[in-house]
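Down below is the structure, laid out as structure tokens.
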2 protein chains.
Amino acid sequence: MRIGDIARQAGVSTRALRYYEEQGLLTSQRSPSGQRIYPESAVERVRLIQQLFTAGLPSRTIVQLMPYIDTGHGPPEVFELMAAERDRISAAMADLAAARDALDRMIEIAHHPTPEHCPALREPPWTPHHDAEAATAAVV
Amino acid sequence: MRIGDIARQAGVSTRALRYYEEQGLLTSQRSPSGQRIYPESAVERVRLIQQLFTAGLPSRTIVQLMPYIDTGHGPPEVFELMAAERDRISAAMADLAAARDALDRMIEIAHHPTPEHCPALREPPWTPHHDAEAATAAVV
DNA sequence: CTTGCCCTTGACGTCAACGTCAACTCCTAC
DNA sequence: GTAGGAGTTGACGTTGACGTCAAGGGCAAG
């Protein structure tokens, strides 16, 4: 298969595939005229790479994981790297959950336009020490 | 409070705070000599901004949310923007979960060095059509 | 008064995963 | 043989949230 076929089936650009090769994430045979030839399995591999990118792993880290991806074993430091990345992803998920909850609270507040409802997001707008009622009037 | 105090309490750099102001995310009073003066509530505000950044919202989007953050209401389009961002965050969490599961599978496989265990990640390493056993020997 | 730490604006640097020409070559179809 | 759609390398552009000088002003302590 040529680069365009892989790109279509994996849903990425050909530029991305050449970039992956440049980074050592993807290898390819070459046809006599210099064109890249890939096996079928390259599609699945590219999807995995994409998934890891989406999860926030930089290409350098993915390169380090390659021995495990290819052969199923490698140096033990890389093994711990996998565990560390998994934990980092879990932490990122917790951050996302917290942010989503914050948005949900904002949506909840916006749904109930009761002026008594949890100020929580700002005190009186940093009254400039003199005309406090003017600032209050400006808000209203 | 001055910029350094806010930076310390919120755990960000002073550069970040000036950037936030430049982007319209944070306002400040000025002392007679031109120094930025913040209310106590700025710390909480900066933490919220950080949380939204961590969740992948760009500054332009956060700016649009500001009317809701400040006053609790705003144009309805912004209302839908909040819902859209919440959904995007949920989708990102699903992506992270999938990637974490993929890593867990890799860790599982690495724990059981049985050569029979789900190749699943690559076929025979694209045997270059001639010296197949040489390549196999190279892997070993 | 001067030492030293904090503040100011302005402007350039960074990093990562590509996008986007440019200038060629290759291969398939007619 | 020739048009046109792929492929090739090389190199510069992009985007966002800051980092990092550079050059100066402000302010309390000794």
Side-chain angles (χ1 to χ4, degrees), chain A residues 1-39 42-43 45-66 85 88-89 92 95-96 99, chain B residues 1-39 42-43 45-66 85 88-89 92 95-96 99:
Chain A
M1 308 184 71
R2 296 187 304 175
I3 195 171
D5 306 322
I6 303 293
R8 263 184 301 277
Q9 292 186 38
V12 301
S13 68
T14 62
R15 177 67 175 93
L17 294 180
R18 297 197 193 94
Y19 175 72
Y20 296 166
E21 182 165 335
E22 182 185 320
Q23 299 299 311
L25 298 174
L26 192 61
T27 52
S28 66
Q29 293 281 104
R30 291 305 180 106
S31 81
S33 67
Q35 299 195 178
R36 291 173 176 81
I37 306 294
Y38 299 91
V43 175
R45 173 121 173 185
V46 169
R47 290 216 175 97
L48 174 62
I49 294 175
Q50 276 287 109
Q51 195 169 31
L52 294 178
F53 273 139
T54 303
L57 281 78
S59 57
R60 280 192 309 276
T61 302
I62 302 179
V63 167
Q64 294 180 304
L65 298 185
M66 277 306 160
E85 284 301 324
R88 199 189 51 74
I89 291 177
D95 287 344
L96 286 184
Chain B
M1 307 184 71
R2 295 187 302 175
I3 196 172
D5 307 321
I6 303 293
R8 263 183 302 275
Q9 292 186 37
V12 300
S13 68
T14 61
R15 177 66 176 94
L17 295 181
R18 297 196 193 94
Y19 175 72
Y20 297 165
E21 182 165 334
E22 182 184 318
Q23 299 298 311
L25 298 174
L26 193 61
T27 51
S28 65
Q29 292 282 105
R30 293 304 181 107
S31 81
S33 67
Q35 299 195 177
R36 290 174 177 82
I37 305 294
Y38 299 92
V43 175
R45 175 126 174 178
V46 170
R47 290 216 175 97
L48 174 62
I49 294 175
Q50 276 286 110
Q51 195 169 30
L52 294 178
F53 272 138
T54 303
L57 281 78
S59 57
R60 281 192 308 276
T61 302
I62 303 179
V63 166
Q64 294 179 304
L65 298 184
M66 277 306 160
E85 286 301 325
R88 200 189 50 75
I89 290 176
D95 287 345
L96 286 185

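Throughout, protein chains are lettered first and strands after them, A, B, ... in sequence-line order, and every chain is numbered starting at 1. Note that the structure is predicted; figures quoted are calculated from it, not measured. Values below: all heavy atoms of this structure, side chains included; hydrogens, waters and symmetry mates excluded.
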Distance-minimising heavy-atom pair for B:Ile6 and B:Ala42: CD1-CB, 4.0 Å

With nearest nucleotide decided by heavy atoms, which residue, B:Gln50 or B:Ser31, maps closer to the 5′ end of DNA chain D? B:Gln50

Which is true for A:Arg18 with a 4.0 Å heavy-atom rule: it touches a base, it touches only sugar-phosphate, or it touches nothing? base

Under a 3.5 Å distance rule, please check whether B:Arg47 uses its side chain to pair with a backbone N or O of B:Gly11 as donor and acceptor. no

May I ask you to verify if any side-chain N or O of A:Ser59 is less than 4.0 angstrom from the OP1 or OP2 atom of C:dA16? no

Do you know which two heavy atoms are closest between B:Tyr20 and B:Val46, and how far apart they sit? CE1-CG1, 4.1 Å

Donor + acceptor pair across side chains of A:Ser28, A:Glu21 (<3.5 Å): yes

Need to verify one output field. Residue with the more 5' nearest nucleotide on DNA chain D, A:Ile3 or B:Arg60? A:Ile3

Here the distance between atom P of C:dG10 and atom CD of B:Glu22, to the nearest Å, is 10 Å

When you check the phosphate oxygens OP1 and OP2 of D:dA17, does a side-chain N or O of B:Arg15 lie under 4.0 Å from one of them? no

In Å, rounded to the nearest 0.5 Å, how long is the span from CZ of A:Arg36 to CG of A:Asp5? 14.0 Å

Between B:Arg8 and B:Arg36, the residue closer to the 5' end of DNA chain C by nearest nucleotide is B:Arg8

What is the distance, to the nearest angstrom, from the CD atom on A:Glu21 to the P atom on C:dA17? 17 Å

Is B:Tyr20 near enough to D:dC18 that one of its side-chain N or O atoms lies under 4.0 angstrom from OP1 or OP2? yes

For A:Leu17 and C:dC18, what is the distance between atoms CG and C1' respectively, to the nearest whole Å? 12 Å

Rounded off to whole Å, could you give me the CG-to-C1' distance for the B:Leu52 and D:dG16 pair? 16 Å

Spacing of A:Gln35 atom CD relative to D:dG5 atom P, expressed in whole Å: 16 Å

Considering only heavy atoms and no angle criterion, is a donor-acceptor pair shorter than 3.5 Å present between the side chain of A:Arg2 and the base of D:dG7? no

Between B:Tyr19 and D:dA17, is there a contact of a side-chain N or O with OP1 or OP2 at under 4.0 Å? yes

A:Gln23 CD to C:dC18 C1', in whole Å, measures 10 Å

Is the phosphate of C:dC27, meaning OP1 or OP2, less than 4.0 Å from a side-chain N or O of A:Ser33? yes

Find the distance A:Leu25:CG to C:dA16:P and express it as a whole number of Å. 13 Å

Atom-to-atom span, CD1 of B:Ile49 to P of D:dG16 - whole angstrom: 17 Å

